[in-house]
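Let me begin by presenting the structure, written as structure tokens, before commenting on it.
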Amino acid sequence: MVNAPKFVDVKVGDALPPIKLPPVSRHQLALYCGGSGDHNPIHVDIDFAKKFGFKDVFAHGMLSMAFLGRLATSWVPQRQVRKLGTRFTSITWVGDVITIHGKVLAKREENGEKLVDVELYCTNQNGQNTLEGHATMALA
Amino acid sequence: MLDKKHIGHKFNAFTTVVEAGKIRLFCKAIGEEDAIYQDEAAAKAAGYRAIPAPPTYLTAVTNDDPDKGGLLKLLNVDIGLILHGEQHYEYLAPVHAGDRITCQSQVMDIYDKKGGALWFVVSETSLTDAATGKAVARARGVTVVRNPDAAKK
């Protein structure tokens with residue numbers, strides 16, 4: 001169970017504890033295909049991926065966005081997440097080692113809620129961002 | 001090129017049930033091991049009324065459309081040509097296993113960049129609790145289509 005930070009204790013610039021993930025595997029992409037209902041063969045069928053000009057299958061963008069969700073809910077309980085969004089900035093290949101990390105961008109109050117805006121990233125083993133995301137959480 | 005006449009197109013709404021077993025598979029795929037997503041007792045102990053759907057599980061809800069691939073059919077685009085450009089969720093109320101969720105999607109914008117080499121399709125989906133009629137989430141996605149004309153040659 002997650003113990004959420006308190007609004008008063010959070011400072012702009014604070015880092016969320018990063019998580020280094022195991023390498024993305026073909027097995028993981030197959031599980032995500034079934035679990036998410038995204039059955040696009042480009043993520044699981046190398047013949048199909050090559051036909052459309054890719055060297056190999058690659059991860060669903062939404063798999064990586066789920067990693068951003070994991071980072072958000074490792075910092076605050078899920079019920080406190082108000083918004084989660086991302087741009088997909090580069091492709092994640094099989095074998096890539098992704099680290100999820102983020103930091104506090106702003107604190108504000110809106111509609112009686114104490115809100116914290118954070119930026120969230122997936123970054124690969126070469127230091128390249130694959131996702132550039134953001135989230136808003138309500139803190140007590 | 002893509003036809004901008006599709007801007008404003010509304011897809012058929014559909015209703016689907018959030019399933020605990022599918023949440024478990026989703027969590028296995030993404031490496032999420034928190035017990036609240038696996039075990040109803042753990043979820044209740046953490047203050048949830050049932051197993052919560054993880055934040056991006058909403059994609060599995062919207063993917064449960066019986067007219068799956070409707071956007072690609074509408075635009076006449078091959079699935080091998082699309083990439084995901086952006087995705088944004090706004091959470092208005094918690095979604096749990098056992099909830100029946102109604103999804104309604106609409107094409108909001110279509111535009112191109114790089115002289116038509118890349119096309120962008122913006123769509124929004126409203127998710128409402130079928131039992132109460134209350135909005136639970138809004139989703140906004142940008143689908144990127146790679147050079148649709150080249151593929152038709």
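Fair warning: this is a prediction, and the values are worked out from it, not measured in the lab. Every chain is numbered from 1 and lettered A, B, ... according to where its sequence line falls, protein lines coming before strand lines.
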Using the rule that Ile, Leu, Val, Met, Phe, Trp and Tyr join whenever any side-chain heavy atoms are under 4.5 Å apart, tell me whether A/Ile91 and B/Ile79 fall into a single cluster. yes

For B/Asn63 and A/Asp38 the tightest heavy-atom approach is ND2-N, 3.6 Å

Please state whether the side chain, the backbone, both or neither of A/Pro22 comes within less than 4.5 Å of a heavy atom of chain B. neither

Verify the distance criterion only: is there a donor paired with an acceptor across the side chains of A/Gln78 and B/Tyr48 at less than 3.5 Å? no

Please check if the number of heavy atoms outside A/Arg87 that lie under 6.0 Å from its CZ is greater than 12. no

Answer yes if A/Leu105 and A/Leu120 sit in the same cluster of Ile, Leu, Val, Met, Phe, Trp and Tyr residues linked by side chain heavy atoms under 4.5 Å apart, and no otherwise. no

Non-hydrogen side-chain atoms of A/Thr73 and B/Pro55 separated by less than 4.5 Å: yes

Please list, in residue-number order, every residue in residues 13-20 of chain B that has a heavy atom less than 4.5 Å from any heavy atom of chain A; write 'none' if there are none. none

So, the part of A/Phe48 with a heavy atom under 4.5 Å from chain B: the answer is side chain

So B/Asp78 and A/Phe52, do their side chains get closer than 4.5 Å, heavy atoms only? yes

Give a yes or no on whether B/Val121 and B/Leu81 share a hydrophobic cluster (residues Ile, Leu, Val, Met, Phe, Trp, Tyr; joining criterion: side-chain heavy atoms under 4.5 Å apart). yes

Testing the basics here: between A/Gly35 and B/Ala60, what is the closest heavy-atom pair and its distance to 0.1 Å? O-CB, 3.8 Å

In this structure, CG of B/Leu83 is separated from OG of A/Ser90 (nearest 0.5 Å) by 11.5 Å

Less than 4.5 Å apart, side chain to side chain, heavy atoms only: is that true for B/Lys68 and A/His39? yes

Could you check A/Met65 against B/Thr59 for side chain to side chain contact (heavy atoms under 4.5 Å, CB included), going step by step and ending with a plain yes or no? CA-CA 10 Å; A/Met65 190 177 179; B/Thr59 192; over 6 Å; no

Taking a cut-off of under 4.5 angstrom between non-hydrogen atoms, the residues of residues 86-94 of chain B near chain A are B/Glu86, B/Gln87, B/His88, B/Tyr89, B/Glu90, B/Tyr91

Measuring from atom CZ of B/Phe26 to atom CE of A/Met62, what distance do you get when rounded to the nearest 0.5 angstrom? 7.0 Å

Proximal component of A/Thr86, with respect to chain B [non-hydrogen, under 4.5 Å]: both

NZ of B/Lys28 to NE2 of A/His27: how many Å apart, nearest 0.5 Å? 5.5 Å

Do any of residues 127-140 of chain A have a heavy atom less than 4.5 Å from a heavy atom of chain B, and if so, which, in residue order? A/His134

Answer yes if A/Leu31 and B/Ile23 sit in the same cluster of Ile, Leu, Val, Met, Phe, Trp and Tyr residues linked by side chain heavy atoms under 4.5 Å apart, and no otherwise. no

Please walk me through it: do B/Thr56 and A/Leu84 pass side chain to side chain contact (heavy atoms under 4.5 Å, CB included)? CA-CA 8 Å; B/Thr56 66; A/Leu84 179 66; 3.8 Å; yes

So what's closer than 4.5 Å to chain A heavy atoms on B/Ala53: side chain, backbone, both or neither? backbone

Who pairs with B/His9 by ring pair (Phe, Tyr, Trp, His ring centres under 6.0 Å), at least two apart in sequence or on another chain? B/Phe11

Could you tell me the separation between the CG atom of A/Leu63 and the NE2 atom of B/His84, rounded to the nearest 0.5 Å? 13.0 Å

Please report the shortest heavy-atom distance between A/Ala66 and B/Ile30, naming the atom on each side. CB-CG2, 3.4 Å

